[in-house]
Structures are given as structure tokens and as C-alpha cells.
Amino acid sequence: QVQLVESGGGLVQAGDSLRLSCVASGRTFSRYYMGWFRQAPEKEREFVAAISWDPSTTYYADSVKGRFTVSRDNAKNTVYLQLNSLKPDDTAVYYCAAPEKPWSFPSDYKSLGQYDYWGQGTQVTVSS
């Protein structure tokens, strides 16, 4: 059974940084692309970043490009999201997600439907 567990969220001030972690278990982590999404209160869940099974390819939402960095350590079964220059608009619950199928990295990687497994989320709150 695939499990994803996020950690690293917290309450910070605008301009601060955080590093989120997502530890995966239940299968061979290194075969799968991974995604990060976020959901703010009363808003839909939205794509933040994605990374290929080998960390050669990364994608970002325009709203976080240049401020957030996604990375992974396949030896530790962990994907990270480094959040820099945080803004109040970044306040949300952050989720990591994984697909069912290995290797492939779909063109619509921003779509929630491309991910079959989700963590419980970690809250990030940015005060002004």
C-alpha cells in the first residue's frame, strides 16, 4: 500500500523560507514522477511543482517559479519542496502526490487526475 507523509509546514512571516518533505513507502519510489499541490481555504487544489522519476525534469506553476524548488532523494524515498520568499498568498495546505504508473511523465502533469495517491497535507501559513 502506497503511503505519502508530508512534513515541514508551519507559521512563518512574509519573506521567510520553509522546506517541505514527503516520504513515500509501499513501492519502489524511484520509478515514479511526483507532484506537489496546494489548497487554500475556499479554493480549489492547484498544481505547484512536479519532478520526474530521475530528477532531470522539473515543472513549476507560474506563481511559484523562481521562489520554490522541487527535488528528490531516491535513496531516502523523499521528495522535497523548498519554499523561499514566501508571501501571504502562499498560505495553504500543501500535498504531495504520486501516480499509479511508473516511468511516464504525462504532458498534463498539472492535472489532479494524473495522480492516484495523496498525502494528508501539511499546513503553511504566511503572515504579512
Side-chain angles (χ1 to χ4, degrees):
Q1 182 178 359
V2 176
Q3 288 191 325
L4 304 173
V5 179
E6 302 98 332
S7 62
L11 172 62
V12 297
Q13 293 186 332
D16 285 351
S17 299
L18 282 173
R19 189 175 81 156
L20 308 184
S21 300
C22 171
V23 179
S25 62
R27 64 182 185 182
T28 305
F29 173 75
S30 59
R31 297 177 181 176
Y32 302 87
Y33 67 91
M34 297 290 292
W36 282 97
F37 291 76
R38 68 185 181 185
Q39 187 166 17
E42 301 183 357
K43 291 188 176 181
E44 294 185 350
R45 193 169 298 189
E46 64 176 6
F47 170 79
V48 175
I51 186 167
S52 58
W53 61 273
D54 67 342
S56 62
T57 304
T58 56
Y59 296 104
Y60 298 94
D62 289 342
S63 59
V64 307
K65 201 171 294 183
R67 299 188 298 122
F68 291 8
T69 302
V70 61
S71 62
R72 65 190 296 162
D73 185 339
N74 287 340
K76 295 182 178 180
N77 291 349
T78 303
V79 60
Y80 304 97
L81 186 66
Q82 178 69 39
L83 289 64
N84 295 332
S85 303
L86 281 162
K87 305 175 182 179
D89 284 349
D90 295 320
T91 295
V93 177
Y94 284 71
Y95 300 90
C96 70
E100 176 67 32
K101 295 181 179 180
W103 310 123
S104 64
F105 203 167
S107 58
D108 56 345
Y109 54 85
K110 296 182 181 180
S111 170
L112 275 70
Q114 290 297 335
Y115 300 85
D116 300 284
Y117 302 99
W118 296 82
Q120 84 289 350
T122 185
Q123 176 71 48
V124 172
T125 304
V126 185
S127 63
S128 58

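Numbers here simply count residues along the sequence, with the first being 1.
- Partners of F68 according to the ring pair (Phe, Tyr, Trp, His ring centres under 6.0 Å) rule, which considers only residues two or more places apart in sequence or in another chain, do not exist here.
- Across all their heavy atoms, V79 and F29 have their closest contact at N-CZ, 4.0 Å.
- Residue pairs that meet the ring-ring contact (aromatic ring centres under 6.0 Å, His included) test with at least one member in residues 85-104, sequence neighbours left out, are W53-W103.
- Nearest heavy atoms, M34 versus A98: SD-CB, 3.5 Å.
- Residues forming a salt bridge (charged side-chain N to carboxylate O under 4.0 Å, His left out) with D108 (at least two apart in sequence, or on another chain): none.
- When all heavy atoms of T122 and G9 are compared, the closest pair comes out as OG1-N, 3.0 Å.
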*Derivation of the side chain to side chain donor-acceptor pair (under 3.5 Å) call for E100 and Y117*: CA-CA 8 Å; E100 176 67 32; Y117 302 99; 2.4 Å; yes
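- By the side chain to side chain donor-acceptor pair (under 3.5 Å) test, T125 pairs with Q123, sequence neighbours left out.
- With hydrogens and angles disregarded, no donor-acceptor distance shorter than 3.5 Å links the side chain of T28 to the backbone of S30.
- Taking all atoms of both residues into account, the shortest heavy-atom contact from L4 to A24 is CD2-CB, 3.6 Å.
- The CD1 atom of I51 sits 8.5 Å away from the OG1 atom of T57 when rounded to the nearest 0.5 Å.
- When side chains are defined from C-beta on, F47 does not count as touching Q114, because their heavy atoms never get closer than 4.5 Å.
- Legend: residues meeting side chain to side chain donor-acceptor pair (under 3.5 Å) with Q3, ordered by chain and number and at least two apart, are absent.
- In terms of heavy-atom proximity, A50 sits nearest to Y109 at CB-CD1, 4.3 Å.
- Y60 pairs by the ring pair (Phe, Tyr, Trp, His ring centres under 6.0 Å) definition with nothing, not counting sequence neighbours.
- For K43, there are no salt bridge (charged side-chain N to carboxylate O under 4.0 Å, His left out) partners at least two apart in sequence or on another chain.
- For Y115, the ring pair (Phe, Tyr, Trp, His ring centres under 6.0 Å) partners two or more places apart in sequence, or in a different chain, are Y33, F37.
- Atom OG of S104 sits about 10.0 Å away from atom OH of Y32, to the nearest 0.5 Å.
- Nearest heavy-atom pair, C96 versus E6, reported as atom, atom and distance to 0.1 Å: N-OE2, 2.8 Å.
- Residue pairs meeting the salt bridge (Lys or Arg N to Asp or Glu O under 4.0 Å) criterion with at least one member in residues 73-95, sequence neighbours excluded: R38-D90, R67-D90.
- Every residue was checked against the side chain to side chain donor-acceptor pair (under 3.5 Å) condition with S128, not counting sequence neighbours, and none meets it.
- Placement of L86 and Y80 in two distinct hydrophobic clusters is found when ILVMFWY residues are connected by side-chain heavy-atom separations under 4.5 Å, directly or transitively.
- Residues satisfying the side chain to side chain donor-acceptor pair (under 3.5 Å) criterion with D116, sequence neighbours excluded, are absent altogether.
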Would you tabulate the side-chain donor-acceptor contacts of residues 16-23 under 3.5 Å, counting partners in other chains and residues two or more places apart, or write 'none'?
residue : atom : partner : partner atom : Å
D16     : OD2  : Q13     : N            : 3.1
S17     : OG   : N84     : OD1          : 3.0

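- Rounded to the nearest 0.5 Å, atoms NZ (K65) and OG1 (T58) are 9.5 Å apart.
- Transitive grouping of hydrophobic side chains (ILVMFWY, heavy atoms separated by less than 4.5 Å) brings W36 and V2 into a common cluster.
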*Decide yes or no on side chain to side chain contact (heavy atoms under 4.5 Å, CB included) for K110 and Y59, but give the supporting numbers first.*
CA-CA 9 Å; K110 296 182 181 180; Y59 296 104; over 6 Å; no
